[in-house]
S.K.: 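Structure below; questions to follow.
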Amino acid sequence: MKQTAYPFLSELNPQQLEAVTHLNGPLAVYAGAGSGKTRVIIYRIAFLLEQGIPMENILAVTFTNKAAGEMKSRISTLIQASKSPKWMGTFHSICLKILRMEAKHISLNSGFVVIDEEDSLSLIKDCMKEMNIDIKRINPKSIYNAISDAKIQMVELEDYLKSAGQSYFTEIVYSIFSLYEKRKRETSCLDFDDLITQTIYLFEHHPAVLEKYQEIFQYILVDEYQDINYSQYRFLQLISGKYNNICVVGDDDQSIYSFRGASPDVMLKFTTDFPNPKMIKLEQNYRCSKTILSASNAIVKNNHKREKKVLWTDNENGNPLHLIICMNEKDEAQKIVRIIQEQKIQENRSYNDFVILYRVNVASRNFEEALIENGIPYQLIGGYRFYQRKEIKDFLAYIRIVFNPLDRISINRVINYPKRNIGSVFIHKIDEISVKNNIDFLHACRHLIKNDKSSTRGKKGLEEFLSVIDYGIEHINSQKLSVLCENLLKKSDMITTLYQEYPDYIAKEKEANLLELITAIRRFELEHPAGTVQDFLSEVALFSDSDQFDAVADKVTMMTVHSVKGLEFPIVFMSAMEEGLFPHYLSNTNAEALEEERRLCYVGMTRAKKDLYISYAMNREIYGKTSRTNSSRFISEIPEEMLEVVKGRANIHSENTVSEFFGTKLIPKTISHHAEIYEKEKQIPIDLDSIQTGDEIDHKIWGRGVVLSIESVNQDSVLRIHFDTVGERLLNLRFAPIKKI
C-alpha cells in the first residue's frame, strides 16, 4: 500500500494513521476527549472507499442523526465524491431501515408506525385503564421503564417473571407488558426499543436474512462504543460474525449512559469479545488548553474502573479555571450572564461561543430568565422539543392515521380534536361494532355511520373526522406531502380551534409552529426528492435532543451535561456544581454511580477549548425547597493552582455572611480561601443612580435608551426601556448594566 496515493493521510498523527489504515480484523480505538475520534472514523471510511471497498459494504453507527449527517458531508468533501456511505446512522435508524425491507419475515406490516415515549406511555395508560389498574397507585412511567429495561436486556415477555423475580409489582408489569405488546401488534406500531429487539429477533430466527446482512456489512465502524447497551451489543455481535472487521471507537472515561443500559465494561472487555483484536490509544488532545486538560485529568483519575491513559496536548497553557462563588441560584445566573456580556464586548465573541451546562434540567429556568431579561438570544437543548409540542403532535397524528389507518394511538388523540362531541360512550359503541364484526376501528366508524339512522351530534362529528381522514387517504399518493398537509390542516380546522381555546398571543405562537411544520416538510422534500410520507414520519420519530442544536445560530446554548456529548465550545460554564446536584444525590451510596458522575463531570469540562467557568451557590432553591449547600467534591479534586476566583460584586443582598453559609462544614482549604475572598467582594456596594420615567440611560451593550415606565415586580424595580438599537426591553434595575445620562 502506497500512502502517497492518499494525501489526506498526511493530516493524521501516528496513532490516528495506524487506526485509519488498519484494514482487517477487530480494532478498538481508545479515543480520549478531543483526540480526533470523529476524524479517525471519517478518514477510515474514506480510506476503505479508496481501497476499493464498495460503499454499500460499509456500516457506520453513530450516536446521533446529526453526527451521521455531518460525517456524510465531510466524507464526500474529503474524497471529492457526490456520494457517501448508504448505511450510516444511529442503531435505531439502521434497524428501522432493515425492518422496513424485511418486515414480511416476522409477520410485520412494513408500513408500521414508530411511537415515541409519550405515545408509549399513553398506550400503557390505556392498557392499565382497560385492566382496571389505578394509575395513582401504580406509576405508568415505572411500568414503561420496566418494560424498556426488559427489552434492552433482551428479556422475552414469557421469560419476564423468571428474569425479574416474582413480586406484586413484576406481576403487574407482566400483565400490562402482555396487553401492551398485543395492542401494538393490532395497530401496526413499534416502540423505540422494538426497532433493535425486532431486528435481532429477525436475525436470530432467519439465518438467511442474517447472512445477507453479514455479507452487506463487511466493514463496521461504531462511534461512542462505550455508550451502547446490551441489545445494541448483541446486534453488533450478530452482524459482525462473518468477517469480524469491526472497528469501535470510544472512551471508557466518557461512559455516561448507565440509565440507558450502558456500561464502561463494554469498552474494557472488547479484547475478550472479539478474536485477536488490535488496540490503539489516542491520547493527544487537540481541543483544550493545557490547564483545562490537566484539571480534567486530575478529576477522572480518581475513578478505579478505567483503562489507564494520560491525555496530553501541545496547546497553550491558557487561563486557570474560573471559580464563581454565588449566594444563590439567581446570583449565579446573573453573574454568568454578566460574564457573557463582558466577554462578548472585550473579546469580540459571538454568542454561540458560550454554553451553559447543568446536571439537571430544572436548573435552566434561572438562566433563561436572566438571558431574556438582558435581551440575549439563546437555544435550549433538551427542553420541550418542537415535535413534542401538543399542536404538532396533534397534527402529526392526522398524518399518521392517513398513512396507517390502524394507528389507534393517533386516532384516540384526535378523533375528538377539534371538539366533535365524540365522547367515551360513543367510542365504546364503535369498539363494540369493531369486535362484533371483526373489523378495525375506522371501518367500524364507517359501519356505524352507514347503519345508524339516528342524527346525534356525535355521529355528525364522526362524519367530520372521517372526511378529513378519507381526504388524506384518497390523496396520499397523488399530492406532494407539503400540499397534502396544507390541505389537511385547513380541513381539520385546527387553527380556528386554537384561537377559540387560547389567548391570541398563545394561539399565534401555536399557529406559527404548525406553519413551521409545513416549512420543515418542504425542506424535507428538497433534501429527499424521492422521500415518502413513511420516510418523513420515520425522520420525525428518530428526532433527538441533540438534533436540535444549531451550531451556526448566534445564540448562547443551554443544555445538560449529558446532551453536550460530542460538542465543543470556546467557553463553557459548568453551573450548579454542588453536592446533591453534581454529583447527583442518587450516587451518594453507590460507588459505580459516583464514578459515572465523575465521568460526566470530565465530559463537561473537556468540552471547553479556551475558558472553563465553574460555579456553585451556597444557598439554592430547587424542587420548591431552599437549602444551604456544599460545593461539589469534584471542585476539591482540582489542583488549587489551577483555580482562580472570579472577582466581582454580589448581585443579591443578604444578611448572611459566607462563613455563616459554610458554618462548621468540613470544606477544603481552597474553597475556604475562595469564600474569604468572596466575602470581601460582597461588600462592594451596587452603584446605581436613582432612575425615573423619562430619563435617558446608557446600556453597556445596547447604548442609549429612554425609560418608558417603572414597575414593581416581587419587590424589584423593573424598567421598560426603549433602545434605538433593539427596541423595547424589560430590565431589572438591580442587575441591568446601565447608567443614567
Side-chain angles (χ1 to χ4, degrees), residues 6 8-9 12 16 19-31 35-79 81-99 101 195-196 199 213-229 232-251 254 266-267 270 274 277-278 280 282 538-539 542 544 546-547 565-566:
Y6 312 99
F8 58 84
L9 296 181
L12 305 172
Q16 291 173 335
V20 166
T21 56
H22 175 81
L23 194 57
N24 294 314
L27 169 65
V29 181
Y30 281 84
S35 63
K37 73 174 179 61
T38 304
R39 169 172 283 202
V40 165
I41 294 171
I42 291 168
Y43 280 51
R44 180 170 169 79
I45 292 172
F47 178 75
L48 291 173
L49 293 172
E50 294 289 283
Q51 286 284 301
I53 307 299
M55 201 171 286
E56 58 270 20
N57 292 145
I58 300 171
L59 168 66
V61 186
T62 61
F63 202 65
T64 67
N65 298 306
K66 195 178 189 71
E70 290 169 355
M71 284 186 184
K72 287 178 181 178
S73 176
R74 287 176 63 180
I75 291 166
S76 297
T77 301
L78 189 64
I79 62 175
S82 59
K83 294 183 178 180
S84 57
K86 171 186 176 182
W87 293 95
M88 176 179 278
T90 63
F91 280 99
H92 293 96
S93 65
I94 296 294
C95 289
L96 175 56
K97 190 182 292 188
I98 292 171
L99 288 175
M101 294 188 290
L195 295 177
I196 298 174
T199 306
Y213 285 93
Q214 286 177 334
E215 195 62 40
I216 292 174
F217 303 142
Q218 293 182 21
Y219 288 86
I220 301 166
L221 298 92
V222 187
D223 189 16
E224 303 286 9
Y225 185 71
Q226 77 282 345
D227 286 326
I228 69 170
N229 59 39
Q232 294 164 343
Y233 167 79
R234 179 66 183 142
F235 171 81
L236 291 173
Q237 261 192 331
L238 289 167
I239 60 169
S240 64
K242 183 173 183 178
Y243 288 96
N244 275 306
N245 292 328
I246 180 170
C247 167
V248 303
V249 184
D251 180 10
Q254 297 184 71
V266 73
M267 194 78 198
F270 182 84
F274 295 92
K278 185 175 186 64
I280 298 171
L282 305 183
S538 295
E539 185 172 281
L542 296 173
S544 66
S546 56
D547 295 327
K565 184 78 166 292

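Because the structure is a prediction, the values reported are computed rather than measured.
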S.K.: Could you please spell out the steps behind the side-chain contact (heavy atoms from CB on, under 4.5 Å) verdict for Leu195 and Phe91?
M.R.: CA-CA 9 Å; Leu195 295 177; Phe91 280 99; over 6 Å; no
S.K.: Looking only at heavy atoms, which two atoms of Thr21 and Leu9 are closest? And how far apart?
M.R.: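 Heavy atoms only, the tightest pair is CG2-CD1, 4.1 Å.
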S.K.: I need the minimum non-hydrogen distance between Ile41 and Val249, along with the two atoms involved.
M.R.: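 Looking at all heavy atoms of both residues, the shortest contact is CG1-CG2, 3.9 Å.
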S.K.: Run the salt-bridge test on Asp251 and Lys37 with the 4.0 Å N-O cut-off and return the result as yes or no.
M.R.: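 Looking at Lys37 together with Asp251, the answer is no, because their closest N to O distance does not fall below 4.0 Å.
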S.K.: Write down the atom of Met267, the atom of Tyr30, and the distance for their closest heavy-atom approach.
M.R.: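 Taking every non-hydrogen atom into account, O-OH, 2.9 Å.
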S.K.: Kindly determine whether Leu96 and Thr199 satisfy side-chain contact (heavy atoms from CB on, under 4.5 Å), including the steps that lead there.
M.R.: CA-CA 8 Å; Leu96 175 56; Thr199 306; over 6 Å; no
S.K.: Is there a side-chain contact (heavy atoms from CB on, under 4.5 Å) between Leu238 and Arg234? Walk through the geometry before answering.
M.R.: CA-CA 6 Å; Leu238 289 167; Arg234 179 66 183 142; 3.5 Å; yes
S.K.: Is there a side-chain contact between Val222 and Gln232 in this structure, where contact means two heavy atoms from C-beta onward sitting under 4.5 Å apart?
M.R.: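 No, every pair of side-chain atoms sits at 4.5 Å or beyond.
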S.K.: To check you understand the geometry: which heavy-atom pair defines the closest contact between Gly89 and Ala68, and what is its length?
M.R.: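 Closest heavy-atom pair between Gly89 and Ala68: CA-CB, 3.8 Å.
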S.K.: Checking side chain to side chain contact (heavy atoms under 4.5 Å, CB included) against Val266, which of Asn229, Ile228, Val248 comes through?
M.R.: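 Among Asn229, Ile228, Val248, the one that satisfies the side chain to side chain contact (heavy atoms under 4.5 Å, CB included) with Val266 is Ile228.
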S.K.: Checking Gln16 side chain against Ser35 main chain: does a donor-acceptor pair fall under 3.5 Å?
M.R.: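 Such a contact is found between Gln16 side chain and Ser35 backbone.
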S.K.: Please give me the minimum heavy-atom distance between Phe63 and Glu224, naming the atom from each residue.
M.R.: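 What the structure gives for the nearest pair is CB-CG, 3.8 Å.
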S.K.: In sequence, state the C-alpha distance, the side-chain angles, and the governing distance for Cys247 and Arg44, and then conclude on side-chain contact (heavy atoms from CB on, under 4.5 Å).
M.R.: CA-CA 10 Å; Cys247 167; Arg44 180 170 169 79; 3.6 Å; yes
S.K.: Taking atom CG of Leu542 and atom OG1 of Thr64, what is their separation to the nearest 0.5 Å?
M.R.: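 Reported to 0.5 Å precision, the distance equals 12.0 Å.
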S.K.: So, Asn245 side chain and Gly25 main chain: donor-acceptor pair closer than 3.5 Å or not?
M.R.: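 Pair found, side chain donor or acceptor close to backbone of Gly25.
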S.K.: Rounded to the nearest 0.5 Å, what separates atom CE in Met101 from atom OH in Tyr213?
M.R.: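 Separation between the atoms: 3.5 Å.
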S.K.: Working to the nearest 0.5 Å, report the span between CG of Leu27 and CG of Asn244.
M.R.: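 Between atom CG of Leu27 and atom CG of Asn244 there are 12.5 Å.
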S.K.: Would a 4.5 Å heavy-atom cut-off, applied to side chains only, mark Val29 and Tyr225 as touching?
M.R.: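 Of all side-chain heavy-atom pairs linking Tyr225 with Val29, none is under 4.5 Å.
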S.K.: Can you tell me if His22 uses its side chain to pair, donor with acceptor, with the backbone of Asn24 under 3.5 Å?
M.R.: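 Here the side-chain-to-backbone pair exists.
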S.K.: For a 4.5 angstrom cut-off between non-hydrogen side-chain atoms, does Lys242 reach Glu215?
M.R.: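 Yes. Closest side-chain heavy atoms under 4.5 Å.
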S.K.: For the atom pair CG (Asn57) and CD1 (Ile220), what is the distance rounded to the nearest 0.5 Å?
M.R.: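 Rounded to the nearest 0.5 Å, the CG-CD1 separation comes to 11.0 Å.
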S.K.: Find the distance between CZ (Arg39) and CG (Leu12) and round it off to the nearest 0.5 Å.
M.R.: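 Here the interatomic distance stands at 6.5 Å.
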S.K.: Measure the CG-CD1 distance between Leu221 and Ile246 for me, rounded to the nearest 0.5 Å.
M.R.: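 Going from the CG atom of Leu221 to the CD1 atom of Ile246 covers 9.0 Å.
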S.K.: Measure across Gln214 and Ile239 and return the closest heavy-atom pair with its distance rounded to 0.1 Å.
M.R.: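 Smallest heavy-atom distance, with atoms named: CG-O, 3.6 Å.
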